[in-house]
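Structure first, commentary second.
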Amino acid sequence: MKTFKVVSQLVRTRIVDLLNKNSRMDGRGLLDYREIKVEKGFISKAAGSAQVSIGSTKVLAGVKVELGEPFPDVPDKGVLTVNAELVPLASPAFEPGPPDENAVELARIVDRALRETETVDLKMLCIEPGKKVFVVFVDIYVLDYDGNFIDASSLASILALGNARIRKFRVEEGKLKYEDGYIPLPIRHIPVTVTLAKPDDGPFIVDPNLEEEFSLGNRISISIDELGRICGIQKLEGTLSVDEIFEAISTAKNVAPKLIEIVKKESGLNV
Amino acid sequence: MSTEFIRVDGRLPDQLRPIKMVVGVLDRADGSAYVEQGNTKVLVAVYGPREIHPKHQASLDSAIVRCRYHMAPFSTKERKTPAPSRREVELSKVIKDALSQAIFLENFPRTSIDIFIEVLEADGGTRCASINACSLALANAGIPLRDLVSSVAVGKYKGHIVLDLNDEEDEVAEADMPIAIMLSLNKITLLQVNGVLTEEEFKQAFNLAVKGSMEINRVQRETLRSIYASIKGEED
């Protein structure tokens with residue numbers, strides 16, 4: 001994403017100098033997120049949706065649930081797929097076309113945290129083993145990009161899943177019967193992702209904005225669930241030492257509960 | 001760690017699979033390497049630094065690295081379609097990121113360094129074997145490097161933290177964690193966790209991975225030394 005590098009050398013130097021004095025250009029503490037805003041059920045035609053803003057970074061996630069076939073190696077489970085689009089209206093650097101490596105990486109980071117924790121209980125979404133299951137599509141739309149679309153996307157995804165309602169159903173002899181009313185998806189965990197960045201010499205910060213992302217050079221995303229378990233890590237650009245990795249993880253573990261609180265409060269999920 | 005735990009292929013938890021590394025295996029490429037780790041077989045070619053096509057991708061103050069990780073259709077149990085999957089797109093990116101840090105890119109402005117990885121057989125740890133091979137191929141191409149990048153995966157398999165998982169282990173593993181490291185600089189250039197680990201398990205796994213990467217690094221160095229030492233010998 002070299003076309004993002006529109007941050008002047010002066011600003012870069014200033015950002016790093018300030019960090020070494022424990023402050024940031026926008027006045028935040030090193031471990032503070034920008035203001036997080038949530039709007040749920042934004043798209044009425046989706047089973048579930050949520051728009052999350054972190055500062056001026058804005059992400060909309062929509063959930064659709066359709067009937068489909070299970071994967072052959074797990075015939076008794078529903079399917080979860082996560083897709084991300086960096087839509088061109090979000091940034092001068094995003095271009096139309098199929099998802100590029102950054103979009104694919106984003107989708108796979110969010111996907112891994114949901115999948116590995118078995119956040120959606122896919123066994124509950126099986127209708128006829130090997131033949132018919134519910135397929136849950138999570139589609140992430142990055143709408144406005146001012147840094148850290150990973151954390152915003154992971155929040156939007158879990159909130160959209162928590163917000164999703166499907167028609168009440170029962171399974172009789174492998175056949176699907178719909179009943180009156182709607183039920184939530186079976187959500188078992190709340191994984192969130194904390195992205196940290198640091199300059200070569202200087203402290204870690206969380207939730208880097210666009211200028212910080214491109215001034216600091218070293219970045220890592222860590223997914224943590226409500227039990228404090230690590231459920232995904234992706235080192236992004238740059239390098240970190242062994243001790244820095246350990247520091248990043250304990251910092252992420254300390255910060256994650258705040259995000260999980262937001263998800264619980266906004267979604268009413270009680271896991 | 002319980003050292004009594006014997007793995008499906010008879011290894012101990014902290015034991016690597018047999019490693020084979022060869023450099024300069026391709027004639028046309030500027031640098032190349034072939035690596036086997038157990039049944040995993042990877043072939044890598046490096047072209048460059050060379051003129052970029054298309055030119056608009058050029059960076060005025062450094063070389064750019066382009067990387068394609070690709071699996072042969074016959075490399076897996078089920079045939080893999082040759083079209084690039086999302087997994088391959090992601091791995092191409094993380095491997096590129098893991099290697100870029102090691103290259104003196106600023107020495108070669110307006111050029112590209114193109115890395116082509118073909119996984120010939122996949123039996124777990126393909127991205128790590130790829131990085132190990134790439135590192136050798138870059139050295140073989142004569143591209144100045146800050147350090148060799150050495151890579152290995154660890155995982156949690158039936159409750160045990162184990163090194164260098166094969167496919168059979170990987171399929172049922174609770175967690176899988178590849179790392180790549182520049183050992184003499186103490187810089188991690190790749191770290192991914194796919195699975196669920198406590199902080200304690202992570203630390204244990206991470207330390208095992210660093211230990212494993214030292215052995216990989218030793219074989220990489222030996223491989224390079226064996227061919228370049230013998231060339232020097234011929235000149236004497």
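Here is how names work: the chains are called A, B, and so on, in the same order as the sequence lines, proteins then strands, and each is numbered from 1.
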If you tally heavy-atom pairs under 4.5 Å against chain B, which of A:C231, A:A113, A:S221, A:S223 wins? A:C231
When rounded to the nearest 0.5 angstrom, what is the spacing between CD1 in A:I233 and CD in B:Q192? 10.0 Å
Would you mind checking which part of A:I220 comes under 4.5 Å of any heavy atom in chain B, side chain (CB onward), backbone (N, CA, C, O), both or neither? side chain
Is atom CG of A:N270 surrounded by more than 12 heavy atoms (other residues, nucleotides or ligands) closer than 6.0 Å? no
Locate the shortest heavy-atom distance separating A:K235 from B:L190; write the atom from each residue and the value. CE-N, 3.6 Å
CZ of A:R14: more than 12 outside heavy atoms within 6.0 angstrom? no
Search all heavy atoms of A:S250 against all heavy atoms of B:E199 and return the closest pair with its distance. CB-OE2, 3.6 Å
Counting heavy-atom pairs under 4.5 angstrom with chain B, the leader among A:E237, A:R112, A:R229, A:K253 is A:R112
Under 6.0 Å from the CZ atom of B:F104, do we count more than 12 heavy atoms belonging to anything else shown? yes
B:L191 side, atom CG; A:I249 side, atom CD1 - distance, nearest 0.5 Å: 6.5 Å
Could you walk me through whether A:L236 and B:D97 satisfy the side chain to side chain contact (heavy atoms under 4.5 Å, CB included) test, starting with their C-alpha distance in whole Å, then the side-chain angles of each, then the deciding distance to 0.1 Å, before giving a yes or no? CA-CA 8 Å; A:L236 301 153; B:D97 289 345; 5.9 Å; no
Non-hydrogen atoms of B:V196 and A:E116 that approach each other most closely: CG2-O, 3.3 Å
Based on non-hydrogen pairs under 4.5 Å, which of B:M182, B:E201, B:M177, B:R87 is most in contact with chain A? B:R87
Taking B:K203, B:E171, B:E174 one by one, which has the highest count of heavy-atom pairs under 4.5 Å against chain A? B:K203
How far does CD1 of A:I230 sit from OG1 of B:T198, to the nearest 0.5 angstrom? 7.0 Å
Take a 6.0 Å sphere around CD of B:E78 and say whether it holds more than 12 heavy atoms from other residues, nucleotides or ligands. no
Roughly how far, to the nearest 0.5 Å, is CG of A:D100 from NZ of B:K93? 9.5 Å
Show the numbers, then the answer: is there a side chain to side chain contact (heavy atoms under 4.5 Å, CB included) between B:V94 and A:Q234? CA-CA 9 Å; B:V94 297; A:Q234 185 98 333; 3.4 Å; yes
Can you tell me how far CG of A:D243 sits from CD1 of B:I188, rounded to the nearest 0.5 angstrom? 10.0 Å
Can you give me the closest heavy-atom contact between B:R86 and A:A107, atom names plus distance? NH2-CB, 3.2 Å
Examine whether an atom of A:N83 lies under 4.5 Å from a heavy atom of chain B, and if so say whether it belongs to the side chain, the backbone or both; otherwise answer neither. both
To the nearest 0.5 Å, tell me how far B:L91 CG sits from A:E101 CD. 11.5 Å
Please rank B:I181, B:V89, B:N194, B:N207 by heavy-atom pairs under 4.5 Å with chain A and give me the top one. B:N194
Are more than 12 heavy atoms from other residues, nucleotides or ligands located less than 6.0 Å from atom CZ of B:F116? yes
